[in-house]
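Working notes, structure below.
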Amino acid sequence: MGFSMQPYGIQSMLKEGHKHLSGLDEAVLKNIDACKQLSTITRTSLGPNGMNKMVINHLDKLFVTNDAATIVNELEVQHPAAKILVLAGKAQQEEIGDGANLTISFAGELLQNAEELIRMGLHPSEIISGYNKGINKTIEILDELVEKGSDTMDVRNKEQVISRMKAAVASKQFGQEDTLSNLIADACIQVCPKNPANFNVDNVRVAKLVGGGLHDCTIVRGMILKNDTVGTIKRVEKAKVAVFAGGVDTSATETKGTVLIHSAEQLENYAKTEEAKVEELIKAVADSGAKVIVSGAAVGEMALHFCERYKLMVLKISSKFELRRFCRTTGAVAILKLSQPNPDDLGYVDSISIEEIGGARVAIVKNEAGGNSVCTVVLRGSTDSILEDLERAVDDGVNTYKAMCRDSRIVPGAAATEIELARRLKEFSFKETGLDQYAIAKFAESFEMVPKTLAENAGLNAMEIISSLYAEHASGNTKVGIDLEEGVCKDMSTMNIWDLYVTKFFALKYAADAACTVLRVDQIIMAKPAGGPKRDPAAGMDED
């Protein structure tokens, strides 16, 4: 140790083993580079022709998807700057449920353009102020692009719903969007409450059953439970339901007691009283008019025997979230322990039947009469990963429905909006004086990423398409976008491709915020990671 070098400068201030990056080259450009890598990953899966990614996470689960939110969630992003983009994507996913890909790719594009400006010699703070002016102007222009008359919308009108939802579904499942958005729109309209702003996403459930194909997908008013009934009764109609959260069984007492039994008769009677007690409880339930017992935990042998005798159907729902949803569907109140239920606590179902779908036996709980009860979309497909992807498409559709219940304004889809924004911002940048104008011009250029990517993913010539889009827009056709199937530019209002205004609004806002956050960093100081042996977390456990 004798001749070891004395630490100096910043090293002497911080604990050994830390990393310290500062200055333009080390910190800013490295951060930008990391973010560019991340956005390159998601960019190729933007839009309907987007490629799928195969992600295998730390638990060896396989994801095959082009849903950016899923991809970045499952990649464990280590780099702190790229994490900011991931968070922006997550925020978008939670706020709107669609457009995470646009957020991440757009932020990456903004940063890439910022890098060119930095290399030209602009200071990051000038770029940030330019970007801020850019995003404010963008939001103004976006307001002007809203389709006339779209701010009032009947959320129960299927055609209006589908026209707004189609784009979101198509970006996940291209070619099947018509069938899917039909299903999703039906399901959403069925569970939509009186005041559409209170729409609850959780009321549209998805049941994934392997087998069959997309054309076998259906909607069930009510729920689908993936388990069989416990007893022999497989079908009831127009029945009252009693829900017991604690299980249907004789419960052991809290205190320990010793029973002295002197003779054989006492032993016989002891067993009999237990039977009589259970029978009394089950009979009380049967007398209250309930024909179905739903239990949240195990069902005892003896209790089951008496349920059979009184012709009660017994269902077991082990997950307590499912149990809550079941209560919502039927309007029942979960009772804690086995006792005679109040008439008010009973729920009602139109029918519960056990059906076999593709080899799996499922209980279908139908409740047609209920108002905003639960609705289930039954998805069929050949493999698990296809089903997972279909489920994501449904999730996106439902989330879009929720967003349109809050704000139903729409803007033209298929990159028409982006090109118009790029064109108007370019004009705006020429009017600005000062160094901001370069940043605003770059901000405008970043919008070209969307049509460029859409065209590239569809295998078209991006340059040609962008120039012809600009030409169309300059002559005043602001609704011209790319028709990916024919590879030409068309008017989107005739093609009926619309994007929700809120989705665009938040995606661009989050992207600009994330990009500015990354640009504001000029030093990275990382402490030494906490020591201790690295232990793998127990298999199968989540992060929570």
Side-chain angles (χ1 to χ4, degrees), residues 190-191 193-194 198 200 202-205 207 220-251 275-355 361-376:
Q190 280 179 3
V191 298
K194 296 270 186 301
N198 302 339
N200 183 0
D202 203 32
N203 282 344
V204 178
R205 309 294 314 152
V220 176
R221 294 285 305 264
M223 284 180 71
I224 290 196
L225 306 169
K226 279 208 175 160
N227 42 9
D228 202 344
T229 52
V230 189
T232 51
I233 298 165
K234 300 296 185 204
R235 183 177 186 94
V236 271
E237 289 193 355
K238 297 202 173 35
K240 290 199 172 138
V241 188
V243 179
F244 296 108
V248 180
D249 202 355
T250 49
S251 50
E275 271 182 44
K277 189 80 187 125
V278 178
E279 175 162 21
E280 186 190 328
L281 287 170
I282 303 284
K283 186 168 188 311
V285 176
D287 289 347
S288 69
K291 290 214 189 110
V292 183
I293 289 185
V294 177
S295 146
V299 180
E301 292 284 316
M302 194 184 291
L304 186 59
H305 165 77
F306 286 113
C307 289
E308 292 291 294
R309 189 184 281 180
Y310 285 109
K311 298 271 190 294
L312 295 175
M313 177 183 199
V314 183
L315 268 175
K316 182 174 157 217
I317 304 180
S318 44
S319 126
K320 65 174 188 237
F321 298 107
E322 277 298 294
L323 196 65
R324 276 182 213 158
R325 282 186 207 115
F326 183 84
C327 289
R328 265 221 308 267
T329 314
T330 56
V333 179
I335 303 163
L336 282 175
K337 62 183 212 300
L338 192 56
S339 58
Q340 175 159 15
N342 277 341
D344 310 347
D345 293 348
L346 294 178
Y348 173 80
V349 287
D350 279 347
S351 70
I352 296 185
S353 55
I354 301 292
E355 293 184 23
R361 307 198 64 159
V362 293
I364 299 183
V365 182
K366 283 194 179 161
N367 197 354
E368 307 282 341
N372 55 343
S373 57
V374 181
C375 200
T376 307

Measuring from atom [atom1] of [X] to atom [atom2] of [Y], what distance do you get when rounded to the nearest 0.5 angstrom?
X	Y	atom1	atom2	result
Thr376	Ile224	OG1	CD1	5.5 Å
Asp350	Lys238	CG	NZ	6.0 Å
Phe326	Ile352	CZ	CD1	4.5 Å
Met223	Ile364	CE	CD1	12.0 Å
Glu308	Met313	CD	CE	10.5 Å
Ile282	Ile293	CD1	CD1	5.0 Å

Where is the tightest heavy-atom contact between [X] and [Y], given as atom of each residue plus distance?
X	Y	answer
Ala245	Leu323	CA-CD2, 4.0 Å
Val220	Lys366	CG1-CG, 4.1 Å
Ala286	Tyr310	CB-CB, 4.1 Å
Leu304	Val314	CD1-CG2, 4.0 Å
Gln190	Cys375	OE1-SG, 3.2 Å
Ser288	Leu346	O-CD1, 3.6 Å

What's the verdict on side chain to side chain contact (heavy atoms under 4.5 Å, CB included) for Lys226 and Glu322, showing C-alpha distance, side-chain angles and the deciding distance?
CA-CA 11 Å; Lys226 279 208 175 160; Glu322 277 298 294; over 6 Å; no

Can you check side chain to side chain contact (heavy atoms under 4.5 Å, CB included) on Ile317 and Val294, steps first, answer last?
CA-CA 7 Å; Ile317 304 180; Val294 177; 3.6 Å; yes

Flag the pair Lys283 and Glu280 as a salt bridge only when some basic side-chain nitrogen lies within less than 4.0 angstrom of an acidic carboxylate oxygen.
no

